Visitor: 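Dropping the structure in here first, questions after.
Keep in mind that what you see is a predicted model, and the values were worked out from it rather than measured. Here is how names work: the chains are called A, B, and so on, in the same order as the sequence lines, proteins then strands, and each is numbered from 1.
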4 protein chains.
Amino acid sequence: MSEKDQSIYRQMIDTLGESENMTQKQVKILEAAIEIISEKGYYNTSTSEIAKRAGVAEGTIFRHYRTKKDLLAAIITPVITDFSAPLFAEKFVDEVFRKSYTSIEDFLYAFIKNRFEFAKANVPLVKILLQELAFHPDIQASYKKVFAEKVYPAINNVLDYYKGKGEVKDLPNQTLIRLMAPTVLGFLITRFLLQPDLDWEDDLEIKRTIEFIMRGIGKV
Amino acid sequence: MSEKDQSIYRQMIDTLGESENMTQKQVKILEAAIEIISEKGYYNTSTSEIAKRAGVAEGTIFRHYRTKKDLLAAIITPVITDFSAPLFAEKFVDEVFRKSYTSIEDFLYAFIKNRFEFAKANVPLVKILLQELAFHPDIQASYKKVFAEKVYPAINNVLDYYKGKGEVKDLPNQTLIRLMAPTVLGFLITRFLLQPDLDWEDDLEIKRTIEFIMRGIGKV
Amino acid sequence: MSEKDQSIYRQMIDTLGESENMTQKQVKILEAAIEIISEKGYYNTSTSEIAKRAGVAEGTIFRHYRTKKDLLAAIITPVITDFSAPLFAEKFVDEVFRKSYTSIEDFLYAFIKNRFEFAKANVPLVKILLQELAFHPDIQASYKKVFAEKVYPAINNVLDYYKGKGEVKDLPNQTLIRLMAPTVLGFLITRFLLQPDLDWEDDLEIKRTIEFIMRGIGKV
Amino acid sequence: MSEKDQSIYRQMIDTLGESENMTQKQVKILEAAIEIISEKGYYNTSTSEIAKRAGVAEGTIFRHYRTKKDLLAAIITPVITDFSAPLFAEKFVDEVFRKSYTSIEDFLYAFIKNRFEFAKANVPLVKILLQELAFHPDIQASYKKVFAEKVYPAINNVLDYYKGKGEVKDLPNQTLIRLMAPTVLGFLITRFLLQPDLDWEDDLEIKRTIEFIMRGIGKV
DNA sequence: AATGAATGAGAATTCATTCAT
DNA sequence: CATGAATGAATTCTCATTCAT
């Protein structure tokens, strides 16, 4: 199984492919778009270039995506809704309350490990998400919605739970999040986008990241 | 003195104005460009719009900046070279060795405070820097150069110095930096770009940020 | 019997349906095309929209009509040939000479009444005819042919007949036609296209129209 | 003075040229657009063809008219507002009440003569107006506005005035207008658009048209 | 130095038509 | 017969850049 096949962008295409009866050409278009846009950014990528790389007529793109922006949305939205939020909200949070994670450290480890694998398998998609979010208010809005309705409440619950257990310092959740999130994100961005070619000892760095966070927010 | 006048973008304009004999029109162009590009991004900003906002003919822009990209470079480069690096490299690092900062905590406080004021006074410039860096390889290159030649060595020196004093855990500098930098950056980005309208108690948050870092990297 | 069923466009479809073995789909296509084109005009109507409204695949349209313009011709030609000219040439003119109409006023009444009912039952078709004739030279040509070969000679005969009876002023037929035709057409267009929602007393207005014409062209 | 120079489309260009500082190229664009659109219709005319005929780069069109439809509006609107309505409302109506026209027949003659000259000098513009009005709701709206606010009230006044003098039959103005207007329009359309190449005795036909109308609406 | 009209290379988009299934 | 995905030529429109004044 190649790395490509593990990727959630593979899954994404497969999923959509099943559920919405995607054509082969449509899949090619998505693949090509993701590749080029992640390399050069949305505004430096022309639909004609995408068509060429996908081996498709330019008109075919617009049969499947009404506008170029729709194509971008089709790429980014699943990253936000289908993978980002659910994983957080459902899988992990439920587990917390089923006592699967005996400590917040356990939880953090599972979470970061999971996000790490996700990022690893989806570098281009993550890159697109990070780069384009700033310029497309409509996509921003859908992100904010998902964050406000799903992610944020879930994190809140988890933090409150572990605060109740005396494992987390009594800082506002707001503050806790703004301390933890950049640490995790910063690690992933450095690891996969800024310095992907460095010789990373991934497990060690994950451990260090967790230790850094735990010292910062843990009690005692 | 208005906030605008404190801003480094004011300083930048003044500086350039003196040194390179900027005309009023040229200043207007820079101001307009910074405003609009920081709002909508480089690719969503047309030179005609900049000209209109600057109260200048479109041709005038190209009299001063050969291309639109040159104009962007003229905006970003000073942020990188004149302000970002020097402040770090010279002011702070020198001070460290003049024993001005008795502990790394002192140093961190001075540094974060300084960066905080810089960001506060230059929101649009910081925004442009963060947003556009990804899409312009030439600007990226100049950033990398500055970072590799000035910033990184300086930080290394500082970290080694405080390691020598036993104040910092014995982690690779690489790791230390990738833990600290996102924490500081994350704070500034949250504070000024993502949630600028929240009711921030800035001093408290700075203190918390330092404490978070210190616990994470400090020896016991 | 609904108004739709009385319409000549119903008849047209029925006729064609019988004679040329139209499939249900073909009928649906014609109906949809007439509806949309009469609303928005030929150039603002896409074949995909027609297909959608007709509940048919886009390709199906082209199985029945080689080109989009053929479809238009299929709509307009019958209006010209099967209904417009024949009604005039045969029904009325024959009647004239069978002394069915004792005066030109009688004739005019029968004619206008008939055209009125035709227009009433075929608003969309009349609209398409009037709107598109200007832009399609081929359709224009077929109209001119029918007019020159059938309509014009017939009208000439009728006018000459009543001139002979001393009921019509001795003006050139050319002039008589260019005075009468716009009056009738103007009435129908106002009645059905420009101000269809006014409260019309149709019989009264028809009477007035005839009186207007009769005073204008009648002797004494 | 060539016919072109007498035309109101010449005047139009001159007027706009003075008042709005039109470039030579802009004039060329208008001229070319009027020519081609009146020949082939708006939807059969591409901006590239207009540009070519005008001897101008395609982009230049869009410097002066934001969209192709704006260009059409720039052609049609003056025909409606600057020439159509004012001539009616001001010149003629005022004259009526200054007793300049001793009878409605005089008035009609002056009016038709004037419209005749206007049509003669502006065949392409009139053609465009008549052909395109049906397909552009926005332009329709501006026409309706002008008609409802200026033309219709003016006609009403005139008709009431001559009714008061016992010169016009006591029919509703609505009806009078829908009888007279098509007669005049029908004449002009036949004369200039449908059969311009016939050997017209214009003065005679105008006289006949007036007589036709006068018998139809006149008392006794 | 400044202007702003003009350019023209490209970009996104539309849509009638074809064709393999 | 019917489908509908695919095509690609044509079209409108954008915009950085040039240049005569």
Side-chain angles (χ1 to χ4, degrees), chain A residues 21-26 28-29 43-51 54-71, chain B residues 21 23-26 29 42-52 54-71, chain C residues 21 23-26 29 42-52 54-71, chain D residues 21-26 28-29 43-51 54-71:
Chain A
N21 243 336
M22 262 185 170
T23 340
Q24 260 199 341
K25 302 241 169 191
Q26 199 166 348
K28 286 280 182 203
I29 290 168
Y43 290 107
N44 287 314
T45 302
S46 71
T47 51
S48 92
E49 199 180 353
I50 295 172
V56 150
E58 204 172 348
T60 306
I61 293 177
F62 292 92
R63 258 208 146 256
H64 295 292
Y65 306 95
R66 253 175 13 76
T67 67
K68 188 188 170 192
K69 194 149 272 179
D70 279 7
L71 172 58
Chain B
N21 241 335
T23 58
Q24 256 201 343
K25 303 237 169 195
Q26 200 165 348
I29 290 168
Y42 177 80
Y43 290 107
N44 289 314
T45 301
S46 69
T47 50
S48 91
E49 199 180 353
I50 295 171
K52 202 170 293 161
V56 151
E58 208 171 345
T60 307
I61 292 178
F62 292 90
R63 183 155 297 278
H64 295 293
Y65 305 94
R66 247 177 18 78
T67 67
K68 187 187 171 194
K69 195 149 273 178
D70 279 5
L71 173 57
Chain C
N21 241 337
T23 57
Q24 258 200 343
K25 303 236 169 196
Q26 201 166 347
I29 290 169
Y42 178 79
Y43 290 107
N44 288 313
T45 300
S46 69
T47 50
S48 91
E49 200 180 352
I50 295 172
K52 203 171 292 162
V56 151
E58 210 172 344
T60 307
I61 292 178
F62 291 90
R63 182 156 296 278
H64 295 292
Y65 306 94
R66 247 175 18 77
T67 68
K68 188 188 172 192
K69 195 149 272 177
D70 280 5
L71 172 58
Chain D
N21 243 336
M22 262 185 172
T23 341
Q24 261 199 340
K25 303 240 169 193
Q26 198 167 350
K28 287 278 181 203
I29 290 167
Y43 290 107
N44 288 313
T45 302
S46 70
T47 51
S48 92
E49 199 181 352
I50 295 172
V56 148
E58 202 171 350
T60 307
I61 293 178
F62 293 92
R63 254 205 149 258
H64 295 293
Y65 306 95
R66 257 178 7 81
T67 66
K68 189 189 169 192
K69 194 148 273 176
D70 279 6
L71 173 57

Visitor: What's the closest nucleotide to the side chain of D/T60 if the choices are E/dA6, F/dT7, F/dT17?
Guide: E/dA6
Visitor: Figure out the OH/P separation between D/Y65 and F/dT14, and round it to whole Å.
Guide: 16 Å
Visitor: Kindly point out which of E/dT18, F/dC15, E/dT13 is positioned nearest to the side chain of C/F62?
Guide: E/dT18
Visitor: I need the minimum non-hydrogen distance between D/V56 and D/T60, along with the two atoms involved.
Guide: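 That would be CG1-CB, 3.2 Å.
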Visitor: Can a side chain N or O of D/R63 be found less than 4.0 Å away from OP1 or OP2 on E/dA5?
Guide: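 Looking at the OP1 and OP2 atoms of E/dA5, one of them is under 4.0 Å from a side-chain N or O of D/R63.
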Visitor: Can you list the stems that DNA chain F is part of, where a stem is at least 3 pairs in a row, each Watson-Crick or G-U, with both distances below 3.5 Å?
Guide: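 Correct response: E:2-21 with F:2-21.
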Visitor: Could you state the atom-to-atom distance from NZ of A/K25 to C1' of E/dA20 in whole Å?
Guide: 12 Å
Visitor: On DNA chain E, check which nucleotide each of C/R66 and A/E58 is closest to and give me the residue with the more 5' one.
Guide: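 Nearer the 5' end of the strand: A/E58.
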Visitor: I need the OH-P distance between C/Y42 and E/dA16, as an integer number of Å.
Guide: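 Atom OH in C/Y42 sits about 8 Å away from atom P in E/dA16.
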Visitor: Check whether any side-chain heavy atom of C/L71 sits under 4.5 Å from a side-chain heavy atom of C/T47, and report yes or no.
Guide: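 No; the side chains remain at least 4.5 Å from each other.
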Visitor: Could you tell me how far apart C/I50 (CD1) and F/dG4 (P) are, to the nearest whole angstrom?
Guide: 17 Å
Visitor: Which pair of non-hydrogen atoms, one from C/K69 and one from C/Y43, has the smallest distance, and what is that distance?
Guide: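 That would be NZ-OH, 3.9 Å.
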Visitor: Ignoring backbone atoms, establish whether A/T67 has a side-chain N or O less than 4.0 Å from OP1 or OP2 of E/dA12.
Guide: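 The answer is no; no side-chain N or O of A/T67 sits under 4.0 Å from OP1 or OP2.
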Visitor: Taking OH from D/Y43 and P from E/dC15, how many angstroms apart are they, rounded to a whole number?
Guide: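 In whole Å, E/dC15 P lies 11 Å from D/Y43 OH.
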Visitor: Could you check A/T45 against D/G59 and say which one's nearest nucleotide on DNA chain E is further toward the 5' end?
Guide: D/G59
Visitor: If the cut-off is 4.0 Å, is A/T47 near the phosphate of E/dA11, judged by side-chain N/O to OP1 or OP2?
Guide: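 The answer is no; no side-chain N or O of A/T47 sits under 4.0 Å from OP1 or OP2.
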Visitor: If you only use heavy atoms from C-beta on, which nucleotide in E/dG8, F/dT3, F/dG8 is closest to the side chain of A/A57?
Guide: F/dG8
Visitor: Mind calculating the distance between NE2 (B/H64) and C1' (E/dA2) to the nearest angstrom?
Guide: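 That distance rounds to 8 Å.
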Visitor: Roughly how many Å is it from CG in B/D70 to C1' in F/dT17, rounded to a whole number?
Guide: 12 Å
Visitor: In chain order, what residues pass the side-chain contact (heavy atoms from CB on, under 4.5 Å) check against D/A51, with sequence neighbours excluded?
Guide: D/E58, D/I61
Visitor: Just the rounded figure in Å: distance from C1' of E/dG8 to CD1 of D/I61.
Guide: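 One finds 13 Å between C1' of E/dG8 and CD1 of D/I61, rounded.
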